[in-house]
Amino acid sequence: MLISVIVTTYNRPDALAAVIRALLDQTDPNFEVIIADDGSGQPTRDALAAFRNSPHASGMKRLVHAWQPDDGFRASAARNLGVYASKGEYLVFLDGDCVPRPDYIARHRLLAEKGFMVSGSRVLMSEPFTKEVLASNDPIHKRGLSYWLRQRLSGNTNKIVPLLHFPNTGMRHYRAVKWNRIKSCNLAIWREDYAAVDGFDESFVGWGHEDADVVLRLARHGIRRKGGAFSTEVFHLWHRENTRATESENRKRVEDRMKTGVTRADAGLSAHPKAEDRIEVIC
């Protein structure tokens, strides 16, 4: 089974490069990486070009840059474009500032189960620690538990316990799908399920709750939620928070949709390809 890792990014080439380096070191035997770019400028193109002649990881089949023009915060459209450009049966959504460990894709493969989506979590890194890591190109994805224990004791991260691995059992199945606390920075969905609800809803613009909306619609479609914590943890590089100006409006839309049986996006995956879309195979 080919896994497509959809990496969302916007004008943060140093963080994106750290994520790609970690993906190049994956242990999984069969995956591709699609950069879902919400309108980044030339520095991001330059950062990706640096990987053009890089040897692939043992399992990475290709690295693709899927770009749309910068027209405000349109993460939903970028993710749909990334999925359109992908070929995998299973989609793993990862943000371009979230560094995965070498077994990240292998762990997602282990947790993949028909009828379920898998929601993972993250370890937050402090601002000084993030700057230090990016400046030194420290391969934090290769660091062991003792290293992260030191960072936790130093106040450089917010937690460490989820770095432990718990087994894949029925205990991971949520009894009910809750749309809150969903993070699209670490979320896996079967392609056929994603297509059935037409992906992320591109009518959600600006920051906030587009990920909760897609999870709600998947639940209406009959897809249950499965916990990926204590297995698929990623390291979230610090960044300034995006403006929350649209949060309350988007939240209300999700709450209103909870009262309906809607499953498909108002504007979604089926809107692609668009004339503005640009897709380039990097390697």
Side-chain angles (χ1 to χ4, degrees), residues 1-8 23 26-34 36 59 75-76 79-80 82-84 86-95 98 100-101 103-123 162-201 204 209-234 254 257-258 260-265 268-270:
M1 177 181 74
L2 178 67
I3 291 178
S4 296
V5 185
I6 313 297
V7 182
T8 313
L23 289 169
Q26 292 296 301
T27 61
D28 189 272
N30 191 16
F31 70 98
E32 64 177 0
V33 177
I34 314 296
S76 291
R79 293 188 185 107
N80 285 340
V83 172
Y84 171 78
S86 71
K87 298 179 178 180
E89 302 167 55
Y90 196 64
L91 310 171
V92 175
F93 293 93
L94 178 69
D95 276 1
C98 291
R101 291 193 283 178
D103 62 352
Y104 174 75
I105 299 173
R107 290 278 166 180
H108 264 296
R109 188 184 298 277
L110 175 67
L111 296 182
E113 183 176 351
K114 287 292 186 178
F116 289 86
M117 59 188 127
V118 176
S119 55
S121 55
R122 58 191 178 166
V123 172
L163 295 180
L164 300 173
H165 287 158
F166 287 4
N168 179 26
T169 70
M171 294 292 289
R172 291 185 175 274
H173 295 167
Y174 282 65
R175 293 184 178 180
V177 174
K178 298 180 179 180
W179 63 269
N180 59 327
R181 299 182 66 83
I182 286 285
K183 301 293 183 185
S184 54
C185 67
N186 189 2
L187 179 67
I189 305 169
W190 288 95
R191 186 187 198 94
E192 61 182 351
D193 297 331
Y194 189 85
V197 301
D198 209 20
F200 281 89
D201 194 327
F204 279 75
H209 305 297
E210 77 283 348
D211 40 14
D213 171 72
V214 75
V215 165
L216 172 64
R217 289 184 287 108
L218 283 164
R220 293 283 188 269
H221 181 61
I223 305 305
R224 296 174 61 192
R225 182 176 168 187
K226 183 175 182 178
F230 295 96
S231 189
T232 65
E233 214 75 14
V234 296
V254 176
R257 281 187 170 180
M258 290 181 69
T260 75
V262 67
T263 60
R264 290 185 63 83
L269 176 63
S270 59

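Note that the structure is predicted; figures quoted are calculated from it, not measured.
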Q) Which distance, rounded to the nearest 0.5 Å, do you find between the CZ of F204 and the CG of D213? A) 4.0 Å
Q: Starting from the C-alpha separation in whole Å, work towards a yes-or-no answer on side chain to side chain contact (heavy atoms under 4.5 Å, CB included) for I223 and I189.
A: CA-CA 9 Å; I223 305 305; I189 305 169; over 6 Å; no
Q.
The criterion is ring pair (Phe, Tyr, Trp, His ring centres under 6.0 Å); which residues satisfy it with Y90, sequence neighbours excluded?
A. W190
Q: Examine distances only and state if a side-chain atom of N168 and a backbone atom of L110 form a donor-acceptor pair shorter than 3.5 Å.
A: yes
Q) Are Y104 and F31 close enough, and set up right, to give a ring-ring contact (aromatic ring centres under 6.0 Å, His included), and what steps lead you there? A) CA-CA 11 Å; Y104 174 75; F31 70 98; 9.8 Å; no
Q.
I need the full list of salt bridge (Lys or Arg N to Asp or Glu O under 4.0 Å) pairs touching residues 185-195, with sequence neighbours left out, sorted by first then second residue.
A. K114-E192
Q: Output, in order, the C-alpha distance, side-chain angles, deciding distance and verdict of side chain to side chain contact (heavy atoms under 4.5 Å, CB included) for R122 and N186.
A: CA-CA 8 Å; R122 58 191 178 166; N186 189 2; 5.9 Å; no
Q: Name all residues meeting the ring pair (Phe, Tyr, Trp, His ring centres under 6.0 Å) criterion together with H173; count only those two or more places apart in sequence or in a different chain, and write none if there are none.
A: F116
Q.
On a heavy-atom basis, which atom in S86 and which in V83 lie closest, and how many Å separate them?
A. OG-O, 2.6 Å
(Q) Check whether R225 reaches the backbone of V118 with its side chain - one donor and one acceptor, N or O, closer than 3.5 Å. (A) no
Q: Kindly write out the residues that satisfy ring pair (Phe, Tyr, Trp, His ring centres under 6.0 Å) with Y84, not counting sequence neighbours, or none if the list is empty.
A: none
(Q) Donor-acceptor pair, distance only, cut-off 3.5 Å: does the side chain of S76 make one with the backbone of D201? (A) yes
Q.
If the condition is side chain to side chain contact (heavy atoms under 4.5 Å, CB included), which residues does L2 pass it with, not counting sequence neighbours?
A. N30, E32, K61, K87
**Q.** Considering all heavy atoms, the nearest V234-C98 contact
**A.** CG2-CB, 3.8 Å
Q) Can you check whether G115's main-chain N or O pairs, donor with acceptor, with R224's side chain at less than 3.5 Å? A) no
**Q.** Closest heavy-atom pair and its distance - A229, R172
**A.** O-NH1, 2.7 Å
Q.
Between H165 and D103, is the side chain to side chain contact (heavy atoms under 4.5 Å, CB included) condition met? List the steps.
A. CA-CA 11 Å; H165 287 158; D103 62 352; 3.0 Å; yes
Q.
Applying side chain to side chain contact (heavy atoms under 4.5 Å, CB included), can you list everything that pairs with A75, at least two apart in sequence or on another chain?
A. F73, R79, E210
Q. Donor-acceptor pair, K226 side chain versus L111 backbone, under 3.5 Å?
A. yes
Q | Main-chain N/O of T8 paired to D95 side chain as donor or acceptor, under 3.5 Å | A | no
**Q.** Value rounded to 0.5 Å, distance of CZ in R107 from CZ in F230
**A.** 13.0 Å
(Q) As an exercise, state the distance from OH of Y194 to OG of S4, rounded to the nearest 0.5 Å. (A) 11.5 Å
Q) Are there more than 12 heavy atoms of other residues, nucleotides or ligands under 6.0 Å from atom CE of M1? A) yes
Q: Would you confirm whether R101, through its side chain, and L163, through its main-chain N or O, come within 3.5 Å as a donor-acceptor pair?
A: yes
Q) Roughly how far, to the nearest 0.5 Å, is CG of L187 from OG1 of T232? A) 10.0 Å
Q: Give the C-alpha distance, both sets of side-chain angles, the deciding distance and a yes or no for side chain to side chain contact (heavy atoms under 4.5 Å, CB included) between I105 and V92.
A: CA-CA 8 Å; I105 299 173; V92 175; 5.9 Å; no
**Q.** Donor-acceptor pair, side chain of D198 and main chain of R264, under 3.5 angstrom
**A.** no
Q: Quick one: closest heavy-atom pair of H221 and A196, and the distance?
A: NE2-CB, 3.4 Å
Q. Does any N or O in the side chain of R220 come within less than 3.5 Å of the main-chain N or O of V197, such that one atom is a donor and the other an acceptor?
A. no
